[in-house]
Amino acid sequence: METAMSNSTNKNNDKYDHDIIDWFESVSENAGHVQTQTLRRILELNYGVEYLRKWLGDINIHDMDACALESLFTSVVPLASHADFEPYIQRIADGDTGPSLSQQPITTLSLSSGTTEGKQKYVPFTRHSAQTTLQIFRLAAAYRSRVYPIREGGRILEFIYSGKQFKTKGGLAVGTATTHYFASEEFKIKQKMTQSFTCSPGEVISSGDYKQSSYCHLLLGLFLSEEVEFISSTFAYSMVQAFRGFEEHWKDICNDIKQGSLSPRITSPKVREAVLKIITPNPCLASKIQSSCEELQNSNWSGLIPKLWPNAKYVYSIMTGSMQPYLKKLRHYAGELPLVSADYGSTESWIGVNVDPSLPPENVTFSVIPTFSYFEFIPLYRRKQDCISAIDDLVEDEPVPLSQVKVGQEYELVLTTFTGLYRYRLGDVVEVAGFHRGTPKLSFICRRKLILTVNIDKNTEKDLQLVVERGSQLLSQTGAELVDFTSHANIAKQPGHYVIYWEIKGEVDERILGECCKELDASFVDYGYVVSRRTSSIGPLELCIVERGTFKKILDHFIGNGAAMSQFKTPRCTSNQGLLRILNLCTIKRFQSTAYD
Ligand code: AMP
């Protein structure tokens with residue numbers, strides 16, 4: 001009977017997978033046309049809202065041809081940034097229910113992580129947002145299961161965390177997009193539809209204390225280890241963070257499995273009750289895990305994941321962009337298991353799906369889903385090396401629709417969403433790497449914003465990442481490991497200079513750190529920087545080594561201010577006084593570059 005039932009579930013799931021892939025293949029085939037229709041739907045649904053009336057006036061769009069509407073829209077509605085929508089969103093937050101941005105009442109607001117730009121932003125969230133999340137997760141799962149089939153009814157060890165939720169003055173619920181999603185019906189539906197169930201109950205995901213949640217995720221993931229089909233987190237950072245925690249707490253976890261108990265470090269009564277309902281004493285499993293951990297400890301925890309989760313088929317998370325610095329450590333833990341890079345989206349809208357899950361994260365691209373939002377692309381060109389501008393190192397051209405993008409060209413993404421954002425500049429730079437049928441495949445390049453600049457020099461997050469990769473090569477040769485990093489453009493004293501903060505695991509000779517500092521300075525290739533360093537209008541780069549645990553303190557600082565662990569991204573450059581205070585208090589060694597002496 002059971003076999004007959006699971007066979008029928010299998011068939012159902014194969015059919016779902018097939019249907020959703022079929023749907024995506026067909027909308028990608030005609031992506032340009034689908035985009036024109038998507039814009040029409042957005043504008044019809046939100047016809048007459050205050051923001052659109054301001055630009056479109058009383059034009060009756062219902063009688064217009066979709067292509068004419070697209071040209072009208074892009075010629076009269078201006079490109080905008082979050083600041084342009086802020087007054088409208090603030091009024092909504094304060095309880096104004098009038099149709100200012102969308103005709104559908106907005107009852108929930110999402111908080112973007114804020115760690116990429118330093119300031120959290122409110123973004124409208126509607127049922128459509130949760131539905132597209134479900135849709136992209138199902139679609140991505142269907143593509144993954146073609147390459148890495150998993151057993152239906154199995155488990156996912158998911159390092160997921162709900163952040164804090166609160167109400168605005170006007171009574172609207174506010175939380176991060178992931179927080180809303182984990183609390184939504186769609187999260188449950190996804191588990192049922194993909195027949196893969198998360199190991200932890202809702203009480204663990206929403207405990208509000210990421211350390212307690214992490215411990216329970218690991219405990220339950222190990223208790224159910226035989227059933228775990230894959231391991232995942234929203235962003236790679238939280239998975240690495242959880243396994244680093246495991247290296248410290250594995251003995252307590254083994255003890256809990258042996259006795260069917262729960263460490264007193266878990267203080268939330270709700271979480272305790274929910275976890276204790278699941279685990280029962282299993283001394284045999286505990287001793288197996290213990291001997292595996294003793295072995296792993298001797299190999300510096302290399303291959304931890306396949307050793308402890310023998311049935312796991314892959315590791316799944318966002319590993320691109322600002323998550324790239326954690327790839328090395330993740331590979332170390334994953335051993336031979338494939339790393340599958342998860343999809344591309346933002347609090348504002350989902351953007352693209354990874355249709356080639358077998359590609360390594362370094363080569364992954366995201367196929368734009370043309371029904372989710374209306375996408376425009378601002379072509380970006382690099383300035384010539386000797387042409388120095390004080391604003392940016394990129395020249396912009398007129399935005400083009402999805403149907404006109406070119407392979408090899410870089411663009412800034414612009415979104416018009418169902419939730420009431422019109423021609424909204426997302427601030428991400430992407431490159432068109434090819435096409436999936438008729439829809440572009442995007443490589444994520446970086447956030448557009450410059451992060452390190454003192455005067456005429458310009459460096460993005462990607463530039464800094466490359467510099468740190470080069471500068472830390474010497475470190476790897478000593479067996480030490482770079483845990484995390486950030487930077488600061490110090491202009492308090494003239495000439496200004498770059499400060500790079502490193503947290504290191506392991507012992508490193510001062511001489512080598514001095515060499516690393518020199519290498520960091522020499523690795524910035526931006527013309528403005530090189531010229532300024534040569535002429536001493538930028539001072540020598542400073543490398544500050546911070547004590548172990550500093551970046552955990554930074555995470556706690558952000559979580560304390562309302563950020564969510566699931567969406568956390570270490571700021572790669574900061575001028576935030578609170579953060580600089582932590583970094584400077586924790587600095588244990590300082591080096592000054594001699595690269596241009
Ligand atoms: P949030 O502010 O939390 O909504 O984060 C959204 C931002 O995270 C995007 O605008 C991107 O900069 C980044 N992001 C999201 N998905 C990916 C991805 N797959 N690869 C690289 N960066 C991503």
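Positions are given from 1 along the sequence. Counting starts at 1 for both ligands and their atoms, in listed order.
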TODO: Have a look at ligand 1 and work out which part of Thr176, if any, has a heavy atom under 4.0 Å from it: side chain, backbone, both or neither.
DONE: neither
- [ ] Select one of side chain, backbone, both or neither to describe which atoms of Tyr344 lie under 4.0 Å from any atom of ligand 1, heavy atoms only.
- [x] both
- [ ] Output yes when the distance from some N or O of ligand 1 to some N or O of Ser346 is under 3.5 Å, and no in every other case.
- [x] no
Task: No-hydrogen, no-angle side-chain donor-acceptor test under 3.5 Å, Gln165 and Thr179 - done: no
Task: Option nearest atom 12 (O) of ligand 1 (shortest heavy-atom distance, choices Val123, Asp428, Val430, Ile351) - done: Asp428
Open item on the list: Heavy-atom pairs closer than 4.0 Å: do any link ligand 1 to the side chain of Met323, the backbone, both, or neither?
Closed with: neither
Open item on the list: Closer than 4.0 Å to some heavy atom of Phe366 - which atoms of ligand 1 meet that?
Closed with: 19 (N)
- [ ] Determine whether Leu327 and Leu339 make a side-chain contact, defined as any pair of heavy atoms from C-beta on separated by less than 4.5 Å.
- [x] yes
TODO: Could you list the atoms of ligand 1 found under 4.0 angstrom from a heavy atom of Arg447?
DONE: 10 (O), 12 (O)
Open item on the list: I want to confirm something. Looking only at heavy atoms, which of Gly345, Pro361, Ser349, Gly352 is nearest to atom 14 (N) of ligand 1?
Closed with: Gly345
Task: Reported OG1-to-NE2 distance for the pair Thr365 and His436, which is rounded to 0.5 angstrom - done: 9.5 Å
Open item on the list: Can you tell me which residue among Leu413, Leu380, Leu426 is in a side-chain contact (heavy atoms from CB on, under 4.5 Å) with Arg448?
Closed with: Leu380
Task: Heavy-atom gap Lys569 to ligand 1 smaller than 4.0 Å - done: yes
Open item on the list: I'd like to know if the side chain of Ser200 pairs up with that of Thr198 as donor and acceptor (distance under 3.5 Å, no hydrogens or angles considered).
Closed with: no
Task: Given Tyr344, Phe372, Phe137, the one that forms ring-ring contact (aromatic ring centres under 6.0 Å, His included) with Trp350 - done: Phe137
TODO: Report the part of Ala342 in contact with ligand 1, treating N, CA, C, O as backbone and CB onward as side chain, heavy atoms under 4.0 Å; options are side chain, backbone, both, neither.
DONE: backbone
Task: Residue part near ligand 1, for Thr347, under 4.0 Å between non-hydrogen atoms - done: both
Open item on the list: Using ring centroids (six-membered ring only for Trp), state whether Tyr210 and Phe568 fall under 6.0 Å.
Closed with: no
Open item on the list: Tell me if a side-chain donor or acceptor on Asn363 pairs with a main-chain N or O of Pro360 at a distance below 3.5 Å.
Closed with: no
